[in-house]
Amino acid sequence: MMSIYLFWRQPSQMVDRKRMRTSNFRWLLSKFVLLYLMVQVTGALRDLKCITNNLKVWDCSWKAGFESVIDEVCVEDRSYSCHQVEKTNIKIPALPPGDHVMTAKSSHSPANSLSKFILNEKNVSFIPDTPEILNFSADFPTSTLFLEWNDKGSAFPYHVNVTWEIKILRTERRELIKLETYNTNLSGKDRVHQWSWASDLPLECATHYVSIRCYIDYLHFSGHKEWSDWSQMKKIPWSPNSQTKVFPQDKVVLVGSDIIFCCISQSKVLVAQIGSTLCPLIHLDEKNVAIKIRNISVSENSGTNVIFTTDDNVYGTVIFAGYPPDIPQKLNCETHDLKEIVCTWNPGRPTGLVGPRNTNYTLFESFSRKYVTFKRAETFTNESYQLFFQILPDQEIYNFTLHAQNPLGKSESAQLVNIMERVSPHTPTSLKVKDINSTAVILSWHLPGNFAQINLLCQIEINKANSKQELQNATIKGVKNADYLIDVNKLNPYTKYTFRIRCSAETFWKWSKWSNEKQHLTKEAIPSKGPDIWREWSSDGRNLVIYWKPLSISDANGKILSYNVSCSSHEETQFLSEVLYPQHKAELPLSKRDCIISVVAKNSAGSSPPSKIPTIEIPNDDLKVEEVVGIGKKILLSWHHNPNMTCDYVIKWCNSSRSEHCLMDWKKVSSNSTETIIESDQFRSGIRYHFFLYGCRNQGYQLLRSIIGYIEELAPIVAPNFTVEDTSSDSILVKWEDIPVEELRGFLRGYLFYFQKGEKDTSKMRGLEPVGRSDIKIKNITDISQKTLRIADLQGKTSYRLVLQAYTDGGVGPKKSMFVVTKENSVGLIIAILIPVAVAVIVGVVTSILCYRKREWIKETFYPDIPNPENCKALQFQKSVCEENSKCSWEHTLSRIKMSQQGKDRERRPGEHLPRGKRGNRWTG
């Protein structure tokens, strides 16, 4: 019976496993045969099923027959074994692969019948034991669930892969919210596995449940492998706190993440909002509600409020949204004093979190296994941070790792340093200066730190007024007491210097900052040379005026107190005068002109070398005054080389408008020079200066050249004064004066003279601009010695305007003008009267004669008849007119009368009557 049953069952199972289709006819036939055999065999096994939980024991079970009970089962394996049966199942050791005969005996059947069956591993189902949860707990602040269970791996002495399925359910409705697969393996020992999961909904907001099952995949088992049953469901125990109603409390989240808030309340929640934004409600168990915030933005320093409003109250919490710590930027570890290491860094991107949620920093050194923690006051800026790590004895190499951590994450940065190569000393302090002599000082300063193991490289900055900055480097042995000294040489006496210093290690990593400046005035020394001197004899030749220039700071080497002036000759040296500073001249009455003047400058350290100059002047009669004009605010003077000059050349100059013996300044050049450039801050444009070139011989100075010149020529500022010396009917004589040198402002090059007809104070007079005007006459006088001008070919009794201007190479000066009227010409007037009278008389006489001679001819030709009185009157009138007007010709008048009369005769027709008084060609009465 059993064999038939298995024979039928196995193909059906194979069809199910391989998904093969069987015809309806075969299925009905097999079913009919099975039912028939079950009815015919009394006490046969029904629904035999074998399962295993550990692949070691098979648990076979069946349904008993109607009239008999199975009490013994025997299995034919390598050895034949029988098992007593008290129930409807039996546990037998797992059989090896292949078919095995199973015999079931029933002692209560009539014939003590036997039933035989075929057993095979392929017909056995492998269903693991139901897992058992050891612990299910929760971390409410992080909303994280923790699960622990035992895999009971000791039941499987060989390697087996296991798949676990864990499901999380939420709320009283037990909604499935998470189903996760977790893969492990069994290795013959019991192991406890741990699994955690963070809920997006705070655990306080709803009840959370967990259950687990497993699936063991043993490759050498050919039977059916199935999931175990789900373990007993466990939940998180939690009792609500009456004070806290909104969860999570003070949550720190990553910017851009989604977060759920819930409110546990017995009252109905009306509205919920984050900040000022309203949010839709999500209903949970009972009256509990939740809201979901998506893509949250950075919160303010004080956080962002989340508020739930109920019928009778308002509940809320605060959310902090920020970023995990950025990788520390620009980590740099160095030492300032070889006592401690300073590590500085920039925190990078702001996290948006402050207070207890701010980033914590820890500096860890891996060789010594020591660490220090960063402590700071509350700060919200992104400034540079620093930590101090004590230097360890006999350790030069340090491996630092800076760890950064806040509630949202961690980061780190590392640096490996040889601290002896990373020395950046503190700023030197207490800088002092002490004199050694006039050209050397000692600098002392304090540099905190223990540098006894290394050498220091220090740089001294030396600043002097109006001079280029100087840097001096010095290598100094490091000391423990932090006080250092150094000599500074090659300084100038009595000079104010400013010192400052900075240091580094000799291996050089970084300079320290500069110390504070220290000013110091060096000691005085005797003047290095005597003053530059010159002398001038007074106009009467009795007194000699000695001039000298103040010594420069570099030559004086101190504060000049006085000057000693003496005179020496072949016989003796005579002390003449002591002149106190700041006087720079002395007037000495000298009886002898042959003397050498000596001037010495004195300060507190001593006297300068003497400056000497002879008093004799060698005459020179062959002198001409020359002219020169500067170029670019400078005067260039040149001369021919004179081998007789053995000392030097001296050029003195003065303002030419001053007295004869003037002195503004002087300049000395060597005896082999042939030119020099004269410059002075006193030079002004338009001012005439007088330059004198002296050459020095052994016995005295000789004036070689006299030169007048301008730095720059300008136009005159006044016009020449001029007057009219003489006036005639056809000419004017003009005379003018020289322009003073002060007002000329350049070398005079000529005059411009304009003249034009015109009345004084008339509106028709215009400025004398000769360009394009023919009525203006101009004369350019280039002979500057000329002081008069006669203007000829003028008209008598006519007003003229005269204008005079002077000009230099710098331009044309202003105009000066006057009006002059020429005299009347009497002879011409008489002639002008007599000529018209004479002409009139002559014309009258000629006219009378002609009229008398032609009188009869006119009458005979034009009027052969008796004259008409009217015609006579007309002729007489015309004649009188002709006599009065000499320009009218009497013959012309007669001709016109004759022509008029002939015309009238031609117009008269035959038979017409003549007018009254006329008959034919004769006058009638």
Side-chain angles (χ1 to χ4, degrees), residues 431-443 459-474 486-501 517-535 546-566 578-586 597-613 633-634 647-653 663-673 676-683 696:
L431 180 63
K432 297 179 181 178
V433 186
K434 184 178 179 181
D435 285 313
I436 299 177
N437 52 46
S438 61
T439 60
V441 296
I442 297 176
L443 295 184
Q459 192 172 67
I460 305 161
E461 182 184 85
I462 305 172
N463 284 303
K464 184 174 65 173
N466 302 321
S467 180
K468 185 178 179 181
Q469 182 186 86
E470 181 183 355
L471 293 175
Q472 291 185 9
N473 294 332
I486 192 172
D487 294 345
V488 180
N489 301 309
K490 299 181 180 179
L491 303 178
N492 293 328
Y494 198 67
T495 303
K496 183 179 289 186
Y497 287 95
T498 301
F499 300 96
R500 64 176 184 168
I501 193 167
E517 293 182 345
K518 184 68 176 180
Q519 288 188 345
H520 182 75
L521 181 65
T522 54
K523 296 178 66 176
E524 292 190 14
I526 62 173
S528 59
K529 68 177 185 179
D532 184 6
I533 61 175
W534 181 245
R535 84 289 181 278
I546 310 299
Y547 301 93
W548 59 88
K549 296 180 181 180
L551 290 174
S552 65
I553 295 176
S554 61
D555 294 331
N557 293 336
K559 184 177 181 181
I560 300 298
L561 302 176
S562 64
Y563 300 93
N564 290 341
V565 182
S566 62
E578 181 178 10
V579 180
L580 298 180
Y581 183 86
Q583 294 296 324
H584 296 98
K585 133 176 134 167
I597 299 296
S598 177
V599 179
V600 174
K602 296 177 62 177
N603 62 14
S604 62
S607 299
S608 71
S611 295
K612 298 181 179 182
I613 189 170
K633 303 296 183 181
K634 300 176 184 178
C647 304
D648 53 23
Y649 290 97
V650 175
I651 301 97
K652 79 162 191 176
W653 60 90
L663 177 64
M664 286 182 60
D665 204 350
W666 70 90
K667 180 180 180 180
K668 293 183 178 180
V669 295
S670 63
S671 59
N672 57 0
S673 299
T676 186
I677 295 177
I678 307 298
E679 296 181 83
S680 175
D681 294 336
Q682 298 177 345
F683 285 153
C696 175

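Just the heavy atoms: all of them, side chains too, but no hydrogens, waters or symmetry mates, feed the values below.
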Nearest atoms (heavy-atom pairs only) where Ser608 meets Val600:
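Answer, listing the atom of Ser608 first, then Val600: O-CG1, 3.3 Å.
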
Would the number of heavy atoms belonging to other residues, nucleotides or ligands and lying under 6.0 Å from CD1 of Ile553 be above 12?
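Not more than 12 within 6.0 Å, no.
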
Taking atom NZ of Lys529 as the centre, does the number of heavy atoms from other residues, nucleotides or ligands within less than 6.0 Å exceed 12?
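It does not: Lys529 NZ has 12 such atoms or fewer within range.
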
Distance-only side-chain donor-acceptor flag, Gln472 / Glu470, under 3.5 Å:
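Distance-only check passes for Gln472 and Glu470.
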
Taking atom types as modelled and ignoring hydrogens, do the side chains of Thr676 and Lys667 form a donor-acceptor contact shorter than 3.5 angstrom?
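Yes.
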
Are side-chain heavy atoms of [X] and [Y] found at a separation under 4.5 Å?
X      : Y      : result
Pro493 : Glu524 : no
Val441 : Ile436 : no
Lys668 : Ile533 : yes
Pro527 : Asp555 : no

How far does [atom1] of [X] sit from [atom2] of [Y], to the nearest 0.5 angstrom?
X      : Y      : atom1 : atom2 : result
Tyr649 : Asn672 : OH    : CG    : 9.0 Å
Tyr581 : Leu561 : OH    : CG    : 10.0 Å
Trp534 : Trp548 : CH2   : CH2   : 15.5 Å

Member of Leu471, Ile486, Asn473 meeting the side chain to side chain contact (heavy atoms under 4.5 Å, CB included) criterion with Ile460:
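Testing each of Leu471, Ile486, Asn473 against Ile460, the sole residue satisfying side chain to side chain contact (heavy atoms under 4.5 Å, CB included) is Ile486.
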
Quick check on side chain to side chain contact (heavy atoms under 4.5 Å, CB included): which of Leu491, Asn492, Thr498 does Lys464 satisfy it with?
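When Leu491, Asn492, Thr498 are each tested with Lys464, the side chain to side chain contact (heavy atoms under 4.5 Å, CB included) holds only for Asn492.
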
